Amino acid sequence: MAGKQSDGLHARIHAVVRRIPRGRVASYGQVARLAGLASQARLVGYAMAALPDGTSVPWHRVVNAQGRVSPRATPGYDSLQRALLEREGVRFDASDRIDLARHGWQPRTRTQR
DNA sequence: TTTATGGCTGTCA
DNA sequence: ATGACAGCCATAA
């Protein structure tokens, strides 16, 4: 294991984010929880921020618990995220909000439980 | 090493 | 519904 511990952490987060289907969104907390990092939603955000430009990780499918695109430090990226989501068919509310009940990613079929 | 901040979340007023 | 506080921990200076 010549790697660093953070590699596994990031890999785990990336794996979860990668599992988000197109046209769907997940919250940081949800991703964190699925990655085994319960209550560490921030780390997910940092892991996303650390992603390279040409990443294959659909970071734009990750939004906050309010179903909105979090205002990032870099201006322009927020609109980019929204554009990418709209491009996938995700609709935004008049308050720039996403209907999580409709576009929210559900890794488990809750209807059966 | 310490300090400060951050692509968050949940609870309380 | 909105606004303020605290908690979790990685990354940067």
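If you're wondering where the values come from, they're calculated on a predicted model, not measured in any experiment. Naming convention: chains lettered A, B, ... in sequence-line order (proteins, then strands); numbering from 1 in each chain. All heavy atoms count here, side chains included; hydrogens, waters and symmetry mates do not.
For A/I13 and C/dC8, the CD1 to C1' distance is 13 Å, given to the nearest whole Å. Atom-to-atom, CZ of A/R33 to C1' of B/dT9 comes out at 12 Å; the value is rounded to the nearest Å. For the pair A/R12 CZ and C/dA10 P, the interatomic distance rounds to 12 Å; values are reported in whole Å. Atom P of nucleotide B/dG7 and atom CG of A/D53 are separated by 16 Å, given to the nearest angstrom. Taking atom CG of residue A/L9 and atom C1' of nucleotide C/dC8, one finds them 13 Å apart after rounding to whole Å. Nucleotide B/dG7 holds its C1' atom 14 Å from the CG atom of A/L84, rounded to whole Å. Summarising the geometry, the separation between CG on A/L43 and C1' on C/dA10 is reported as 6 Å, rounded to the nearest angstrom. When the C1' atom of C/dG3 is taken as reference, atom CD of A/Q66 falls 11 Å away, rounded to whole Å.
From A/Q81, atom CD reaches atom CH2 of A/W59 across 5.0 Å, with rounding to the nearest 0.5 Å. Atom NE2 of A/H103 is separated from atom CZ of A/F92 by 9.0 Å, given to the nearest 0.5 angstrom. Between A/L85 atom CG and A/R22 atom CZ the span is 11.0 Å, to the nearest 0.5 Å.
A salt bridge does not link A/R68 with A/D93: every distance from a Lys NZ or Arg NE/NH1/NH2 to an Asp or Glu carboxylate oxygen is 4.0 Å or more. Using a cut-off of 4.0 Å between Lys/Arg side-chain N and Asp/Glu carboxylate O, A/E88 and A/R24 are scored as not salt-bridged.
Within residues 86-104 of chain A, no residue approaches DNA chain B, by heavy-atom distance under 4.0 Å.
The side chain of A/V62 lies closest to B/dG7, out of B/dT9, B/dG7, C/dC9. Comparing atom distances between the A/H10 side chain and each of B/dG7, B/dT9, C/dT11 picks out C/dT11 as nearest. Looking at the side chain of A/A41, the nearest of the listed nucleotides B/dT9, C/dA10, B/dG7 is B/dT9. Side-chain proximity of A/Q40 to the nucleotides B/dT9, C/dC9, B/dG7 is greatest for C/dC9. In this structure, of B/dT9, C/dC9, B/dG7, it is B/dG7 that holds the atom nearest to the side chain of A/A49. Checked against B/dG7, C/dA10, B/dT9, the side chain of A/A65 finds its nearest nucleotide in B/dT9.
Panel note: side chain A/T55, backbone A/P52; no donor-acceptor pair is recorded below 3.5 Å. Looking at A/S95, its side chain never comes within 3.5 Å of a backbone N or O of A/R97 through a donor-acceptor pair.
For A/R82, the CZ atom counts as densely surrounded, since its 6.0 Å shell holds more than 12 non-hydrogen atoms of other residues, nucleotides or ligands.
The strand DNA chain B forms stems, runs of 3 or more Watson-Crick or G-U wobble pairs with distances below 3.5 Å, at B:2-6 with C:9-13, B:8-13 with C:2-7.
Residue A/A35 comes nearest to A/R12 through the heavy atom pair O-NE, 3.2 Å, listed as atom of the first residue, atom of the second, then distance.
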